[in-house]
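What follows is a set of notes on a single structure, which appears directly below.
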Amino acid sequence: MSTPAPLRHGSLRAILLNTGWMLGGKGFGAVLSLVYLAIVTRSLGLDGFGQFALALGAGQAAATFVSFQSWQIIVRYGMPYMHDGRNDALARLVRFAITLDVAAVIVGVLLMMAGTLLLAGHFGWTREFAWQAIGTSAVIVLSTHWTPTGVLRLHDRFADATFAEAVTPSTRCIGAIIVWLTGPSVIAYLAVWAVAEALTAMAYWYAAHRVQPFRWPRATMRQIVAENPGIVRYAMTTNLTSMLGLGSKEVAVLIIGLVITPAAAGSYRFAQQLAQGLAKLSQLLGRAIFPELVRSHTTAGTEAFDALLRRTLRMTAIGGGIVFILLITIGKPAIGLIAGREFLAAYPILLALGTAAAVDFAAVGFEPALVAMGRAGLALRVRIISTVILVALLAVLPHYFGVIGAGIAVLCASIITFVLMWRTLIGQRRRSETNAGPVESPAPQDR
């Protein structure tokens with residue numbers, strides 16, 4: 001076990017530094033992703049890439065639906081233990097997170113198998129291809145690394161996480177080149193993606209073990225719950241929030257494949273990949289914001305927390321504007337350069353999804369702030385509302401507007417999420433200012 005870290009308050013400088021470390025790895029990955037995305041799209045064509053996107057989407061959706069985001073649990077509850085040097089309590093917390101991850105991947109594999117076998121006939125897959133897709137998707141679901149991610153972020157080891165994360169694009173790029181040279185096929189590219197996920201997971205677990213060696217101390221569920229009030233509810237809340245926020249976007253690809261055609265799903269997935277490239281910075285920033293807001297709320301008091309929150313929201317609003325400008329200026333040329341003229345019809349979809357990414361970027365600080373304040377349940381309610389609207393729009397708009405309708409649905413959901421999260425956060429801060437009571441407990445309590 002590493003030496004307890006010195007007490008430190010949350011800061012914008014730490015957010016930028018940690019984001020810089022992650023962005024360095026993601027920047028490296030972004031360059032490689034353009035290479036392997038170009039290889040896959042050009043070698044498989046629109047219809048083949050659609051089949052690839054559908055098979056990959058089944059595994060990724062299953063992994064997202066059962067993800068407890070245990071890294072948030074470790075950061076949320078482990079911060080006081082690390083500051084106080086309570087190593088045994090921290091080890092028990094990590095054990096709880098590992099148990100959640102193991103249970104999640106078992107359920108995820110079963111869910112993925114059932115979903116793939118159910119949808120295979122609708123997508124025109126042979127039984128042999130369906131089982132091959134199940135095999136590669138099972139590896140993706142099993143390659144969980146949320147717990148080691150939480151350990152690294154708890155100890156401010158974002159640099160180690162960056163090197164581990166770089167394994168994914170490196171493996172995909174090398175593997176895609178090999179498949180391209182030896183004989184492109186959908187299942188071969190799926191196998192490459194599965195190997196990349198497995199190697200990344202191994203790198204994360206190794207890096208985290210070096211920082212904080214994993215132990216398996218004796219502990220009962222009652223003891224863990226007593227030490228970490230509200231942890232079960234918090235785990236379920238983060239799972240539902242992840243499922244509604246990320247899982248719904250993965251399911252969108254499957255819905256398009258069912259409602260329209262696999263080729264349409266491929267067009268949507270390609271635009272989604274490029275939009276996610278623009279949105280990746282917001283995801284990284286959110287992961288860097290959350291530990292610092294928790295640290296500030298735990299150790300620095302309400303005034304320091306509010307000051308950090310205001311500076312963070314100003315920064316993300318500017319970032320959202322930059323993302324939108326990039327989308328307008330380089331979006332269409334990027335499609336032609338990467339995938340060729342066959343995919344140029346995806347630009348309107350990219351415009352909608354990229355604008356949604358810009359909105360998400362501007363709102364990236366809202367949810368971490370609510371969770372750090374112990375209001376994870378409120379963030380979940382917003383996610384439920386926006387996801388219900390998204391699913392309803394996905395069920396209707398593609399019938400009338402084709403695949404662009406799915407992009408419009410995602411954009412509408414992002415705008416609704418922004419407005420609701422903003423109003424919820426403002427309401428909570430005003431309530432805190434009105435009440436003269438003590439600072440809220442770190443444990444999530446929704447009343």
Side-chain angles (χ1 to χ4, degrees), residues 24-61 63 112 116 123 125 128-143 145 162-204 250 253 257 262-263 265-280 283 330 333-344 346 350:
K26 291 296 183 181
F28 169 76
V31 174
L32 293 184
S33 70
L34 296 179
V35 176
Y36 63 68
L37 187 60
I39 292 173
V40 176
T41 52
R42 289 178 179 270
S43 61
L44 293 181
L46 187 56
D47 187 65
F49 184 73
Q51 298 289 0
F52 170 80
L54 291 171
L56 186 64
Q60 292 179 333
M112 176 273 302
T116 301
F123 296 147
W125 295 349
E128 179 184 6
F129 179 82
W131 280 105
Q132 289 174 333
I134 287 174
T136 54
S137 294
V139 175
I140 292 174
V141 177
L142 290 168
S143 300
H145 49 268
T162 294
F163 290 117
E165 192 71 25
V167 174
T168 297
S170 301
T171 305
R172 286 181 182 178
C173 190
I174 295 171
I177 292 173
I178 293 174
V179 171
W180 176 47
L181 294 176
T182 58
S185 69
V186 173
I187 196 62
Y189 285 124
L190 288 174
V192 168
W193 260 241
V195 171
E197 293 294 331
L199 293 178
T200 301
M202 293 171 60
Y204 262 105
E250 297 294 342
V253 177
S267 181
Y268 179 88
R269 179 67 177 186
F270 175 75
Q272 186 185 55
Q273 287 289 102
L274 293 182
Q276 284 179 344
L278 295 174
K280 192 66 70 175
Q283 297 171 9
I330 68 174
I335 293 177
L337 179 64
I338 296 170
R341 297 182 60 85
E342 186 180 10
F343 283 79
L344 284 177
L350 175 62

Quick one: closest heavy-atom pair of [X] and [Y], and the distance?
{"X": "Ala201", "Y": "Ser143", "answer": "CB-O, 3.7 Å"}
{"X": "Thr116", "Y": "Ala58", "answer": "OG1-CB, 3.8 Å"}
{"X": "Ile187", "Y": "Ala133", "answer": "CD1-N, 3.9 Å"}
{"X": "Ser170", "Y": "Ala166", "answer": "OG-O, 2.8 Å"}

Please report the interatomic distance [atom1]([X]) to [atom2]([Y]), rounded to the nearest 0.5 Å.
{"X": "Trp193", "Y": "Thr136", "atom1": "CH2", "atom2": "OG1", "value": "12.0 Å"}
{"X": "Leu274", "Y": "Ile335", "atom1": "CG", "atom2": "CD1", "value": "6.0 Å"}
{"X": "Glu197", "Y": "Leu142", "atom1": "CD", "atom2": "CG", "value": "11.5 Å"}

So, Arg42 side chain and Ile338 main chain: donor-acceptor pair closer than 3.5 Å or not? yes

For Thr168, does its backbone N or O pair with a side-chain atom of Thr171 as donor and acceptor, under 3.5 Å?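 Looks like no, no N/O pair under 3.5 Å.
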
With a 4.5 Å cut-off on side-chain heavy atoms, are [Y] and [X] touching?
{"X": "Met202", "Y": "Val167", "result": "no"}
{"X": "Met112", "Y": "Gln60", "result": "no"}
{"X": "Thr162", "Y": "Glu165", "result": "no"}
{"X": "Val192", "Y": "Tyr36", "result": "no"}

For Leu37 and Phe270, what are the C-alpha separation, side-chain angles and deciding distance, and is it a side-chain contact (heavy atoms from CB on, under 4.5 Å)? CA-CA 8 Å; Leu37 187 60; Phe270 175 75; 3.8 Å; yes

Would you tabulate the side-chain donor-acceptor contacts of residues 43-50 under 3.5 Å, counting partners in other chains and residues two or more places apart, or write 'none'?
unit_1: Ser43; atom_1: OG; unit_2: Ile39; atom_2: O; d: 2.6
unit_1: Ser43; atom_1: OG; unit_2: Val40; atom_2: O; d: 3.3
unit_1: Ser43; atom_1: OG; unit_2: Tyr189; atom_2: OH; d: 2.9

